[in-house]
Every structure is written in C-alpha cells, then in structure tokens.
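The structure under discussion appears below in the form of structure tokens.
For the numbers below, each heavy atom of this structure counts, side chains included, while hydrogens, waters and symmetry mates do not. Each ligand, and each atom within it, is numbered from 1 in the order the structure gives. Not measured: the values here are computed from a predicted model.
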Amino acid sequence: MRTDATKASKQGETLDAMDRASSLKRHDSRMIIHFDYDCFYASVFEAENPALKNQPLAVQQKQIIVTCNYEARRRGLYKLQLITEAKKVCPDVVIVLGEDLTRFRNASKELYSFLRKSIWSGQAERLGFDEVFLDCTDMVNYNIDILNHNDLSHSFFCLDQNDPTIGFQYDASEPFGPTYPPEAGAVSDQDLQLYQRLVLGSHLARYLRHELENEKGYTATVGISTNKILSKLVGNLHKPKSQTTLVPPYDASASSESHVTTFMDSHDIGRIPGIGFKLSQKIRARILGRQPAFDEGLVYGGTKEKVTVRDVRTFLGMGPEMLEEILSGPGSQRGIGGKIWGLIQGVDDVEVSQAKKVPSQISIEDSYTRLDTLDEVRKKLNLLSNSLIRRMHLDLMEDDDDAENTDHGISKRRWLAHPRTLRLTTRPRPAVNPDGTRSRSFNRVSRSLPMPTFAFSLTENVHALADRLVQDSLIPCFRKLHPERSGWNLSLVNVAVTNMAETAADSKDSKGRDISRMFRRQDDVLKEWRIVDEDVAPHLTDDVNDLLEGSVDEDVCSEATPPTSWESDEEVQDNVDVCGRCGLSVPSFALLAHERFHQMPD
Ligand code: DCP
Ligand code: MG
Ligand code: MG
C-alpha cells in the first residue's frame, strides 16, 4: 500500500506536470480532420479490379505482405507478414505485386485532390501516400453561426456559402460516430462551444468519408480534433471505415481531468508522431534508468519496454528542460525539448500546410545488399539519374501554352523551378569485424554541388542528360565522398536535387499572364503534394525502398522545409539495413535478431 507521503509526493509531481502543461498554449480554435485510407495499397488494386473486393487480397513487396485487405485480415493475415507465413494461414489468399509505386502515387494524388476540393480553405496536407489532414475551421464556424439552437436535431450543414441549398441534413445535438472517451459525461458550459464545433466536425467528417467512398470507391478511418497530432492519433481508435472524435474537456479543471491528457497518457512514447525510434529510446532510457531492451523476437525488432506518455509526463522533474537535456545532441533540433513536451500533451500548433507549387526537394534512392565497385556504382548512378531527371520533368515543369511558344499547336514545356543544388548521399556499411560480426553504424554521408545547368536542357533526351550528369558531376562527387578506390561497400545511394529557385519571377511574361497561368495550373500543379515518404512507413522508413531493391524508388522525397513536428527523427531513417540472405529490410538494431531468425529450424 502506498503511504500518504508517497501519495502526496506523487500528487505533487502530477500537479507540477499539470501546471507545466497548463502553461502550454493549446490552440482549440481549429477543426482538423485526419484521413487514413483503409488498407491503402490493397484498395488501389480493388479499385482497378472490383472483383478482388470479396477475396482475401495481399500486396507483396519482396518476401513480405506490405498490406492486405480486411477480408484477409479477418482470416488472420496482417501487415508486414512474411509471404510464406501468410500462405500457410490463408492458402487461398490472392497475392498481387506492389513493387511499382506508380499506381499508388497516382491514386494518392487523386484522392488528395478530391478531398482538397471538398473543403473551403484549400488547407489540405498529405502525409505519405495514405494520410491527409484537412483544416475545416471555416466550414465549421460558418455552420455554427447558422445553427438553430431550438431544433438542433434537424440541422442543415451548408457546403456552399453562395448556395444555401447545397449541403446535407444532420443531427447537431450529438456527434456522429464513436467518441473518445466513449461515454462522454455532461458537457460543462465552458466546453459547450468546443463540443458543438466538434459535433459539427464529426458530421462533416462523416459526409466527406461517404463522398470519398461513393465517388472514388475508397474508405478511410478518420479522426476529428483541434490539431494535427490529436486528430491523427484519435482516428486510430476505430478502424476500418469509421471515425472518432476527441470530445472535451481539453483542459483539466477542478472537477474533471482533461480528455487530451488521458488520451495522450495512454500511448506508448514511441507511438507519438514526431518521436521516432531513437528519440523514444533515449527517453525510455531516462525513465527506466537503464538502456531499454530490444525485442529480438520480431523480424522488424522494436522495443520490449512499455514506457507510456504518462510515465514520461509524471517523471520527477520532467519538463521541457529535462527533455532538451535528454534529447539534445549533435544534429538535434534546437528547442526539441519544448517541442516534444508539447507533443506528448497533445499540443501542436503547426498549421495544415497549403498545397505546394513545387516540391522543395526531389530525391531518388535505392538500397543494395552489396555495392563495392566503381563500375557498379556508375551503373546504379545512371539508373538513379534517369529517374531523377524524369521526375524533375514531371514535377518541376509545366506546359507552356503561350501562343508564341507553341510549336504547331503543340505546347512546349517550361521549367517552374530550377533546383540549385545536386546532392549525392551514400550509406557505407562498416567492414566485417574479425569475429565475423558487423558494427551497426549506418550513417549516411553526403556531398552537395551546384546543379549543372545542362540538366535543364529541353532538347536533349533523358538518357543523354543522365549520362552526362553521372560523368561530369556525380562520379567526381562520388570520388570526393569515397576517395579510396575500393574497400567500401554501400548499402544505399541517394541522388537528390534541392534548393529550388522558382522561375516565374524571371520569366519574360507579364505579371498578368503569370497570374492567369497560376490560376490555370492551380488544379494541376499547384495541388502538388508534400511527399514525406518517411511517413508511408512510420518506423520502417527505408523499408519500402529497401524492399524494392533492384528497382529504383522515386518516392523518397522528403521535404527540405524547416523541421516541423511531423518529421520523424532522421536517425530512424538511417538505421535500416538489408538482410544479406533474404533481402528484407530490417532496422539495424534488429538485424542480429533477424539473422538468428534465419538460423532457426523450420
Ligand atoms: N506501406 C509500406 N510499407 C510499410 C508500411 C506501409 O509499403 N512498412 C504502404 C502499404 C500501405 C500504405 O503504405 O497500404 C499505408 O500504410 P498504412 O500503415 O496506413 O496501412 P494500410 O493503409 O494498408 O492499412 P490500414 O487500414 O491499417 O491503415
Ligand atoms: Mg497510414
Ligand atoms: Mg491506411
């Protein structure tokens, strides 16, 4: 039994943490809806071939199932399962190959565009291929103002400010769908306004989910709250094809505790977006007072330790300063302690970003089980450069359909932006130790150089440009990065262009034409997305690429924008290795366990 003294000190700690929490600024005035498509890759195949819908369907990359539909999950299959195991569990599983990401990328853009057009603000942000945040504050506020409080259950949600007949009927007296917590108590006067707005948000979410299903054939799991982190996390509670609203109180009071705190507290520290594997291990080490153990039983590894947000939040002396001290180190973000302290308490004031005109970086990479000769490097660089230039043409150019520029009615192309920097990155594998083991340090090294202007040629073909890029720029750069002729072995090569300089300003066009061009391309190019593919696979960042070893992955486009709370810590990205036996990608820390897995008898 706990003594009064410990109880008092525990309470003291909690109060202290609560005081600190209440000093954080929470922005409750926004309405954010987060979408995560259900079994996304599988759904893309189902959309192409609806007959697949009623069958257990799994999408294969290398030896694993990256995802499977819910019929397959009902029969015991799960994400990241080995194909061999899946076939044992469900012999009639239909397996489709998902190594070419083009169809997923296209579907992702199409759904994103559809959702963006469904809201007023245009503030729609894609996270990876299968998540979208929508800022619906304006739509909800407008509809709050037109509520008839005498007859809430017969409300009409107006979807067009210019036409009051466009919209849907709904019951504004209660939220649609599940809530967190499930049994919400009476709403206090103080929380009434927020509650009402969330009720409207939940009905709008229902409408958008149904539209997505009816018009595009995709279902999604949705979260509704006042910022990105809360809407994303709360959506996870009811999957698939459902939604969850986080209901107030969002702040603690004398009579009730904050639902935000209870909700965030229940998460393992490693599940919080923005806290990647390395950061969470550092935090765990401090809370446990020792190095946290790995779970060696998992193919992908993980941690054995359960350290919850609550454990962290109520740890003696915990606060932004302590987190800063735990997490800061070479290359860490300034103010990381305060940022993480906010995040674990559900505070996230980062805006849902507007669609971007051009990506701030295009990066192409591939991983290899063995890459140790210059000849091979040259070949790989060639493949990567071909992809890079093709991707630059797709993402950084548009049709130039000005009359004087058309060639017999066929539009010429013009650059929207010129990247100024070319960057080559490799991930060297340390040499094998005398005892046959290999150290697990997989940091990337890179060098940047000015982007050569010939790469923007509109007349030379892609192959010729790629050859020249390799010969004139990348090989010399590679030699500087790896001056030794041999002795290295690379597990990854990445070629990226960054530091975009938009060209509209120095175009010869008049201002007026630029504006009209801007509007014209709004629905084509302006909607271009942020590709943050780290988030396609939250904790297995290099996974998708590594699984695609041998083919060139064009989707590893991480943003070069200033870090936001949504970027996973980079270190996670750097610590994935490819198993030499089966080609499966495994976080470095789990490779030993994975190798042991191969040694196991059948
Ligand atoms: N993906 C991948 N490799 C991973 C994780 C994910 O290739 N390690 C791909 C396949 C998924 C897609 O990204 O379809 C989206 O990832 P999710 O985790 O959201 O998984 P699903 O959408 O497939 O399933 P759920 O219904 O659980 O959201
Ligand atoms: Mg997802
Ligand atoms: Mg999903």
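Among Phe129, Tyr41, Tyr37, the residue whose heavy atom lies nearest to atom 14 (O) of ligand 1 is Tyr41.
Where the criterion is an N or O separation shorter than 3.5 Å, residue side chain and backbone included, Val66 fails it with respect to ligand 1. On a distance-only criterion, Phe40 and ligand 1 share at least one N/O pair closer than 3.5 Å. For ligand 1, the polar-atom distance check against Tyr70 finds a nitrogen or oxygen pair separated by under 3.5 Å.
The distance from ligand 1 to the heavy atoms of Asp36 drops below 4.0 Å at these ligand atoms: 19 (O), 28 (O). In summary, the atoms of ligand 1 found under 4.0 Å from a heavy atom of Lys239, numbered by their order in the structure, are 25 (P), 27 (O), 28 (O).
For the pair Lys379 and Glu376, the salt-bridge criterion is met [side-chain N within less than 4.0 Å of a carboxylate O]. A salt bridge does not link Lys216 to Glu211: none of the charged nitrogens lies less than 4.0 Å from a carboxylate oxygen. A salt bridge links Glu125 to Lys228: one of the charged nitrogens lies within less than 4.0 Å of a carboxylate oxygen. Checked for salt-bridge contact, Lys380 and Glu365 miss the test: no charged N lies under 4.0 Å from a carboxylate O. Ion pairing between a basic and an acidic side chain is recognised when a charged N comes within 4.0 Å of a carboxylate O; Arg313 and Asp265 show such pairing. Taking the charged nitrogens against the carboxylate oxygens, Asp268 and Arg310 have no contact shorter than 4.0 Å, which rules out a salt bridge.
Neighbours of the Mg ion (ligand 3) restricted to protein N, O or S atoms under 2.8 Å: the count is 3.
Proximity of Lys79 to ligand 1, defined as any heavy-atom pair under 4.0 Å, is confined to the side chain (atoms from C-beta onward). Contact annotation for Arg73 and ligand 1: only side-chain heavy atoms (C-beta onward) come within less than 4.0 Å of the ligand. If you look at Leu80 next to ligand 1, the close heavy atoms, those under 4.0 Å, all belong to the side chain.
Of all the heavy atoms in Thr244 and Val234, the pair that sits closest is CB-O, 3.3 Å.
In this pair, Tyr207 and Phe168 present their aromatic rings parallel. The plane angle is below 30°, not in the 30 to 60° band. Note on ring orientation: taking the six-membered ring where Trp is involved, the planes of His203 and Tyr170 are tilted (angle from 30° to 60°).
Counting only residues at least two apart or in different chains, salt bridge (charged side-chain N to carboxylate O under 4.0 Å, His left out) contacts with residues 65-80 comprise Glu71-Arg74, Glu71-Arg75, Arg75-Asp92.
A side-chain N or O of Asp38 and one of Thr221 form a donor-acceptor pair less than 3.5 Å apart.
Put simply, no part of Pro240 is less than 4.0 Å from ligand 1, judged by heavy atoms.
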